[in-house]
Number of protein chains: 2
Amino acid sequence: MSSAPQPFPMPQEPSDAPPLLELGTAPEEPCLRADAARNRARLLEAAARLIAEHGVAGVTMEAVASAARVGKGTVFRRFGDRTGLLMALLDHSGRRLQADFLGGPPPLGPGAPPLERLRAFGVAVLYRSAEQLELQLAAQPEACRRFSHPATQALRTHVTMLLRQIVPDADCELLAHTLLASLDPALIHHLTRQRGMPMARLEAAWVDLVARVTRTQRPA
Amino acid sequence: MSSAPQPFPMPQEPSDAPPLLELGTAPEEPCLRADAARNRARLLEAAARLIAEHGVAGVTMEAVASAARVGKGTVFRRFGDRTGLLMALLDHSGRRLQADFLGGPPPLGPGAPPLERLRAFGVAVLYRSAEQLELQLAAQPEACRRFSHPATQALRTHVTMLLRQIVPDADCELLAHTLLASLDPALIHHLTRQRGMPMARLEAAWVDLVARVTRTQRPA
DNA sequence: AATTTAAACGGACCTTGGTCCGGATCGTAA
DNA sequence: TTACGATCCGGACCAAGGTCCGTTTAAATT
């Protein structure tokens, strides 16, 4: 009914740096043609510059295109839509975080006990989102695509893993959803910017939440 | 920089039926002029009809306007933007739910013990959102306005109250945010539609979550 | 009833996200 | 080196959200 035949194959976000793959991370790029790759880089750079100069609102598809000396169609072919472009920009810091909790030093990385890692994880995400809030929010409009995004999936997988080691009897997958929902950028933005809560309070709430959720059942 | 002087005063969502007010519910309407009220009703009716006929995607501002025999500008003056119109449509069922848990029969309404009410609350929201998912999602795009919406605030206030009676020592406000986040329409949509989870599982997870979160601290 | 004013109206107009397709380019195989 | 098909490019084009402002009208006042 409402699904047009999609002129472009809707690129699966080729991702500019292939450092780390994991369960639920993006399928690798189909290896772009030389000119395509060059333009992709140009576009990302141009977009970044525009953000720095005029904020996220200044990132108009046409503006990005012309700033990169490229046709508008090219932007859409590469990134699918505005959200795709924004997410591509976000991708970088996402990968860094991922690297940190996959192979970095404890308490975020392996080596510390799961419970401690879970605590550290939330705090890390919390503060990372607190920067780039503008960008994070702008990339959200399609409210449900966020769950399917590879980066998000990776976070969720990680949390699920940790939970399985702590509370094996629970529905860890859904529990992970809940925990991550409480770290949602939109929520953080609302609480800190619109309601003036200090980050410390959010942090404390996260730690408390983890404690509550992982507290093992007490026999009556 | 980017803030235009807003041609219309951006109406605070007058709400068509003033049944129940509570902490955090919309400020009352400034009482519309006769013609304005008439047009407002027409617009809502037209929008509802369009949804029934062509789905949410068929609700174009222009379509609604002309279906209601009204100018486009009128739609925007009354509802601010598309999201505003959609939220106005959602308002009705929102008020019914609110009535249920404020004054309805137990276990949702007063009379049952707080813990039980909390459980029932989640289940109710869960199933309510499961219908009207289309509409709920369409009304979301501006990801953060959802926290400020009076209806949402009412839900949160209610949950906070219940929590205060169950776990007075916790940061109940943030805990309420977390609980509600796990009932987010976008999340429900993702889990049920995109990942095929049965509602029963979501329901079980909610009950379990409530249990975990409200479990009082066990001394070492 | 006439006057006045704030509010509402309508629809032309602007912006921007998104689409299409003829033509230019790249990579490859002969 | 040439030829050829797949891929990519560019920018005209379209739709829909959102804005502006001259005109109309409800309702309060005299």
Side-chain angles (χ1 to χ4, degrees), chain A residues 2-12 14 29-43 46-47 50 54-87 138-142 145, chain B residues 2-12 14 29-43 46-47 50 54-87 138-142 145:
Chain A
S2 62
S3 63
Q6 269 191 322
F8 308 129
M10 176 50 109
Q12 194 44 291
E29 64 208 272
C31 197
L32 300 168
R33 225 171 68 176
D35 51 351
R38 172 176 52 80
N39 283 341
R40 181 176 199 281
R42 271 193 186 179
L43 284 167
L50 282 179
H54 310 110
V56 179
V59 181
T60 286
M61 296 311 260
E62 232 159 47
V64 173
S66 78
R69 308 303 208 105
V70 146
K72 196 179 177 183
T74 301
V75 190
F76 282 94
R77 189 175 329 95
R78 195 78 320 131
F79 299 102
D81 57 11
R82 199 181 119 102
T83 299
L85 173 59
L86 266 0
M87 296 216 297
Q140 280 240 337
E142 298 176 55
R145 198 170 305 207
Chain B
S2 61
S3 64
Q6 268 191 322
F8 309 129
M10 178 50 110
Q12 193 44 292
E29 64 209 275
C31 197
L32 299 169
R33 226 170 67 175
D35 50 351
R38 172 177 50 82
N39 284 341
R40 184 180 141 82
R42 271 191 184 179
L43 284 168
L50 283 179
H54 309 112
V56 179
V59 181
T60 285
M61 298 308 262
E62 231 159 49
V64 174
S66 77
R69 311 300 209 107
V70 146
K72 197 178 177 182
T74 303
V75 190
F76 282 94
R77 190 174 329 94
R78 197 73 324 131
F79 299 102
D81 57 11
R82 200 181 118 102
T83 298
L85 173 59
L86 267 359
M87 296 215 299
Q140 278 239 340
E142 298 175 55
R145 199 169 306 206

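Here the structure is a predicted model, which is why all the values come from computation and not from measurement. Naming: A, B, ... by sequence-line order, numbering from 1 per chain.
- Spacing between atom CG of A:L86 and atom P of C:dT16 amounts to 15 Å, rounded to whole angstrom units.
- Across all their heavy atoms, A:L86 and A:A139 have their closest contact at CB-CB, 3.8 Å.
- A straight line from CZ of A:R42 to P of D:dC8 spans 16 Å, rounded to a whole angstrom.
- At whole-Å resolution of the value, CZ in B:F79 and P in C:dC9 are 11 Å apart.
- Separating the CG atom in A:L85 from the CZ atom in A:R78 is a distance of 12.5 Å, to the nearest 0.5 Å.
- A search for salt bridge (Lys or Arg N to Asp or Glu O under 4.0 Å) contacts involving B:R33 returns B:D35, not counting sequence neighbours.
- Contact record, B:M61 with B:D81: CE-C, 3.8 Å, taken as the closest heavy-atom pair.
- The shortest distance between side-chain heavy atoms of A:F79 and A:R40 falls below 4.5 Å.
- One can place CZ of B:F76 at 12 Å from P of D:dA16, the figure rounded to the nearest angstrom.
- Rounded to whole angstrom, the span from the CE atom of A:M61 across to the P atom of C:dT15 amounts to 18 Å.
- In this structure, A:E62 places its CD atom 15 Å from C1' of D:dA15, rounding to the nearest Å.
- The side chain of B:R78 places an N or O atom within less than 4.0 Å of a non-bridging phosphate oxygen (OP1 or OP2) of C:dC9.
- Listed for the B:R82 side chain is a donor-acceptor partner under 3.5 Å among the backbone atoms of B:V59.
- Straight-line distance from the NZ atom of B:K72 to the P atom of C:dG11: 12 Å, rounded to whole Å.
- When all heavy atoms of B:A46 and B:V64 are compared, the closest pair comes out as CB-O, 4.0 Å.
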Table of protein N/O atoms under 3.5 Å from nucleotides 27-29 of chain C N/O atoms:
| from | atom 1 | to | atom 2 | distance (Å) |
| --- | --- | --- | --- | --- |
| C:dG27 | OP1 | A:A34 | N | 3.3 |

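- The separation between B:N39 atom CG and C:dC9 atom C1' is 8 Å, rounded to whole Å.
- An end-to-end axis angle of 0° holds for the helix from C:dA1-D:dT30 to C:dA30-D:dT1, taken from five base pairs per end and rounded to 10°.
- Using a 4.0 Å cut-off, some side-chain N or O of B:T74 falls inside it from OP1 or OP2 of C:dG10.
- Of all non-hydrogen atoms in B:T83 and B:E142, the two that sit nearest each other are OG1-OE2, 3.6 Å.
- For residues 60-73 of chain B, the set of pairs meeting the side chain to side chain donor-acceptor pair (under 3.5 Å) definition, not counting sequence neighbours, comprises B:E62-B:K72.
- Residue-to-nucleotide proximity on DNA chain D shows that, of B:R38 and B:R82, the 5′-proximal contact is made by B:R82.
- Of the residues near DNA chain C, B:A37 and A:T60, the one whose nearest nucleotide (by heavy atom distance) lies more toward the 5' end is B:A37.
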